[in-house]
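Below is one structure, written out as structure tokens; the observations come after it.
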Amino acid sequence: MGRLFAVEIVYRGIFQKTLAKNISRAIVLAAHCEGKPGISFGRYGDSPERNGIPAKSFAIVATDDLTLEEGMAKYEPKEVDISIAVDDTLCKGVESWAWYGLQPINRLTKPGGTLIVTSREQPETLIPMCHRKEYPYQLAIVKGIPSFSGLWVYKDDHTDVRILGAIARLLPELFGLESVQKAIMQEWQDPVKASSAARSYERITSVTVRPEQGNPEEPYKFELPKWWEMGEGIAIPGIAPGHTMQDPESQKSGGYQPARNPTFKKFTTRTMRPVVNFDTCIKCTLCWLQCPDSCFDVTPEGLYDANMEACCGCGVCEAVCPVKDCVTMVNEIAFQDNASQWEMWRKDKPVYQAWLKEKIEHRPERSHGFRYRGQYEEQVPEMMEIAREDGA
Amino acid sequence: MTQAALEIKDAETTALITGSEAIAVACKLADVDVITAYPIRPYDTVMQYVAKLVANGELDCEYIVAESEHSQFEIVKHASAAGARVFCGSSGVGWMYAFEALTVTPALRIPMVAMVGNRALDDPGAFGVEHNDALAVRDLGWQLVWVDNAQEALDTALIAYRVAEDRRVFLPCAISCDGAFLTHSQALVKIPSSEKVNAFLPRYDRGDLLLHPDNPITVAPQANEDWLMEIRRQTAAAMERSYTVIREVYRDFERIFGRSYGNPFFEEYETEDADIVLVGMGTLSIPVKVAIRQMRKEGKKVGFVRMRWFRPFAAEELAKSLGRFAAVGIIDRDFSLGAPYLSGVLATEVRAAMYPSAKRPPIPGFICGLGGREVTVPDVVKMSDIVYEAADGKAQPLTQWIGLRE
Ligand code: SF4
Ligand code: SF4
């Protein structure tokens with residue numbers, strides 16, 4: 001048997017669907033330039049037509065047709081040579097329609113394999129977000145703003161070819177730079193894209209992530225029941241009603257926290273999170289009413305605390321809040337946990353205000369590519385600039 | 001049809017009613033809670049009789065005329081999930097328009113009882129009977145039963161509720177009544193007392209599957225390939241159990257009402273000493289029986305097997321019975337174009353049922369009586385002659401169209 005290569009591209013539904021498809025297609029085309037057969041496909045059980053929901057594409061390549069069939073006989077690869085996260089906030093884990101519970105971004109990365117992330121952050125920021133693995137693997141960062149666009153438009157900021165160039169460097173057995181450039185010329189007829197790939201090839205570096213590094217949390221585990229153990233009639237227990245909240249300082253009970261599905265949290269869909277200024281909140285209830293996912297816990301004193309286990313980061317609360325700068329959406333990469341903002345505020349208001357100020361002032365710009373009119377047009381040249389320099 | 005004839009007194013009465021009215025009377029006796037309707041002939045006769053019962057204050061139920069068959073079946077599906085005993089029905093392309101609702105009903109384990117007034121599928125627009133409408137759901141988890149007279153229609157409707165609502169089953173059941181021959185002709189029917197019906201038919205208890213604020217459940221969430229096979233297997237197990245429950249229920253029916261249907265799954269007529277038999281479903285039994293009596297006078301020992309329950313299909317029992325004869329002719333009042341040997345649905349299924357059997361007589365198939373065309377006595381004689389030839393080993397096509405102008 002020859003050698004089988006597998007690459008997964010983890011991306012965000014709608015915004016990066018075309019990007020992921022372009023990358024997995026180009027991987028197969030570049031390998032084909034070296035006579036290797038391959039296939040490219042999206043994970044069928046995913047729902048990539050939903051805003052921001054984590055989803056996957058795969059590229060499977062082999063040294064010969066029979067070996068390729070070994071790869072095609074599986075629904076999807078059980079391990080991959082390279083995992084690609086085209087958005088750095090995916091490092092916190094992924095919960096898609098196709099999987100159960102939150103799963104590590106590096107779940108399929110094989111021993112010694114590579115996780116490629118597009119990010120402006122440093123390894124020190126990303127490594128603690130990724131779940132720990134039992135064995136070492138490589139982390140390589142392709143510098144840049146995570147490339148987001150719509151379902152029908154494609155933001156040609158060279159993220160696709162820069163990742164291809166990085167792959168040629170990190171896994172030369174799959175294909176060389178020459179093949180990447182040949183495939184780019186075939187697909188896009190764009191010599192500028194070909195040179196972006198070359199620059200990425202020259203400059204990409206990787207660091208080793210050791211087993212003791214990373215998020216120590218155990219990923220969600222479960223066993224699928226046998227058919228006769230399951231309840232009949234496709235009926236499952238509903239979510240129980242909620243309960244009151246307790247003030248961490250006064251121990252007073254009150255308010256209301258809805259019960260939520262403990263195994264389907266949705267927060268990995270989030271790329272931005274709301275931060276709330278409880279000192280200026282006028283308790284108008286609008287955020288609580290309008291949040292499409294019932295994320296707001298009502299505190300004993302009648303404030304509204306966005307629950308970060310449940311929030312998918314849609315930004316509706318920011319849009320409806322009538323008080324200026326009371327709710328602000330901040331890039332998810334700036335946070336390490338899902339702790340309650342209200343509890344932090346209750347414990348020490350000045351500390352909380354300082355924290356809030358820091359988060360808002362230093363927020364790394366983040367959007368779905370169209371947070372304000374013209375932002376999309378601004379970002380492409382910015383990315384081209386990064387591509388030319390490529391982190392140098 | 002007079003009002004008096006429909007009235008149900010405590011003691012058993014006799015009334016001159018159609019097969020459709022008999023089903024409506026069964027709804028009254030079963031004290032059905034929610035009934036939905038949408039007109040299409042011949043099913044619409046049932047909805048008219050039900051409407052009359054409701055209007056006369058004889059039946060206390062929610063009677064909803066939906067805007068289409070799809071909604072008609074969806075409404076009762078939801079009502080049944082919320083604990084209501086329901087009735088519904090349609091015919092021909094109306095039944096097909098409800099198809100999405102029909103597919104989801106078994107998997108959700110909804111014990112809906114429906115009447116299919118069998119009708120040819122358009123085009124051309126035609127009212128006459130064909131069995132393709134009801135047969136279209138044969139793979140989905142619907143229990144399917146065919147009846148051939150109004151009394152059997154009434155009795156089978158009561159039996160259908162008892163079987164469908166048995167917790168071991170919880171599957172929908174469709175009662176097929178041939179358009180015109182059964183839905184539009186009146187016969188004398190014994191109507192049992194409601195005391196007896198109550199003794200036979202307990203309340204519908206949905207138990208832990210009840211959709212109610214006190215029992216918060218989510219019904220029919222999205223599921224991927226990790227769950228579907230197990231869900232299908234559960235529905236399959238329910239259909240397997242239905243076979244046993246049907247036997248129990250017919251025994252109970254006999255005990256309480258003092259009338260017996262013998263083997264619930266198929267009726268045998270003049271089979272004891274028969275050389276060959278014909279097999280069919282629905283009201284074509286009547287010309288077949290008449291022809292058999294005539295042929296027996298001429299010394300041709302022909303018998304008849306009338307299939308009642310098509311789902312579940314009593315394969316082993318049927319194979320055992322049919323293995324006794326020199327040849328078996330299957331009359332299909334349906335078609336399955338391009339099917340093995342170009343046969344109808346029943347012939348294909350009977351052959352499949354016979355395959356593991358040690359005794360496998362020749363099984364010629366006939367397509368007959370489509371679109372409500374009369375199945376005549378000479379047609380039956382002709383089919384019997386062909387079956388005799390098959391018994392003698394004469395080579396012939398496995399499917400022949402009978403009563404066709406050619
Ligand atoms: S961003 Fe705001 S509105 Fe949207 S899910 Fe989160 S809390 Fe709810
Ligand atoms: S919308 Fe703004 S002001 Fe109104 S309750 Fe929410 S956070 Fe407070």
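Predicted model only: the values in this text are computed from it and were never measured. A note on names: the letters A, B, ... follow the listed sequences, proteins ahead of strands, and every chain is numbered from 1.
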Of the non-hydrogen atoms in Gly71(A) and Ile60(A), which two are nearest, and what is the gap between them? CA-CG2, 4.3 Å
Shortest non-hydrogen contact between Val46(B) and Ala24(B), atoms and distance: O-CB, 4.4 Å
Within this structure, what is the CZ-CG distance for the pair Phe267(A) and Leu102(A), rounded to the nearest 0.5 Å? 5.0 Å
CG/Asp65(A) to CE/Met72(A) distance, rounded to the nearest 0.5 angstrom? 9.0 Å
Report, as yes or no, whether the 6.0 Å neighbourhood of atom CE on Met229(B) holds more than 12 heavy atoms from other residues, nucleotides or ligands. no
Scored by heavy-atom pairs under 4.5 Å with chain A, the best of Ala238(B), Ala81(B), Pro216(B) is Pro216(B)
Heavy-atom pairs under 4.5 Å with chain A are the metric here; pick the option from Ile110(B), Ile231(B), Leu211(B) that has the most. Ile231(B)
Which of Arg273(A), Arg270(A), Lys265(A) passes salt bridge (Lys or Arg N to Asp or Glu O under 4.0 Å) with Glu309(A)? Answer is Lys265(A)
If you apply the rule side chain to side chain donor-acceptor pair (under 3.5 Å), what do you find for Glu332(A) with Thr271(A), and how did you get there? CA-CA 5 Å; Glu332(A) 180 63 21; Thr271(A) 56; over 6 Å; no
Do chain A and chain B have donor-acceptor pairs under 3.5 Å, and which are they?
from: Tyr100(A); atom 1: OH; to: Asn224(B); atom 2: OD1; distance (Å): 2.8
from: Tyr100(A); atom 1: OH; to: Asn224(B); atom 2: ND2; distance (Å): 3.2
from: Tyr100(A); atom 1: OH; to: Asp226(B); atom 2: OD2; distance (Å): 3.1
from: Tyr100(A); atom 1: OH; to: Trp227(B); atom 2: NE1; distance (Å): 2.8
from: Trp227(A); atom 1: O; to: Gln234(B); atom 2: NE2; distance (Å): 3.0
from: Met230(A); atom 1: O; to: Gln234(B); atom 2: NE2; distance (Å): 3.0
from: Gly231(A); atom 1: O; to: Gln234(B); atom 2: NE2; distance (Å): 3.3
from: Glu232(A); atom 1: OE1; to: Arg167(B); atom 2: NH1; distance (Å): 3.3
from: Glu232(A); atom 1: OE2; to: Arg109(B); atom 2: NH1; distance (Å): 3.0
from: Glu232(A); atom 1: OE2; to: Arg241(B); atom 2: NH2; distance (Å): 3.4
from: Ile234(A); atom 1: O; to: Ala220(B); atom 2: N; distance (Å): 2.7
from: Ile236(A); atom 1: N; to: Thr218(B); atom 2: O; distance (Å): 2.8
from: Ile236(A); atom 1: O; to: Thr218(B); atom 2: N; distance (Å): 2.7
from: Gly238(A); atom 1: N; to: Pro216(B); atom 2: O; distance (Å): 2.8

Under 4.5 Å from a heavy atom of chain A, the part of Leu108(B) involved: both
Using ring-ring contact (aromatic ring centres under 6.0 Å, His included) as the criterion, list what pairs up with Phe264(A), not counting sequence neighbours. none
Quick one: of Pro241(A), Gly45(A), Gly231(A), who has the most non-hydrogen atom pairs under 4.5 Å with chain B? Gly231(A)
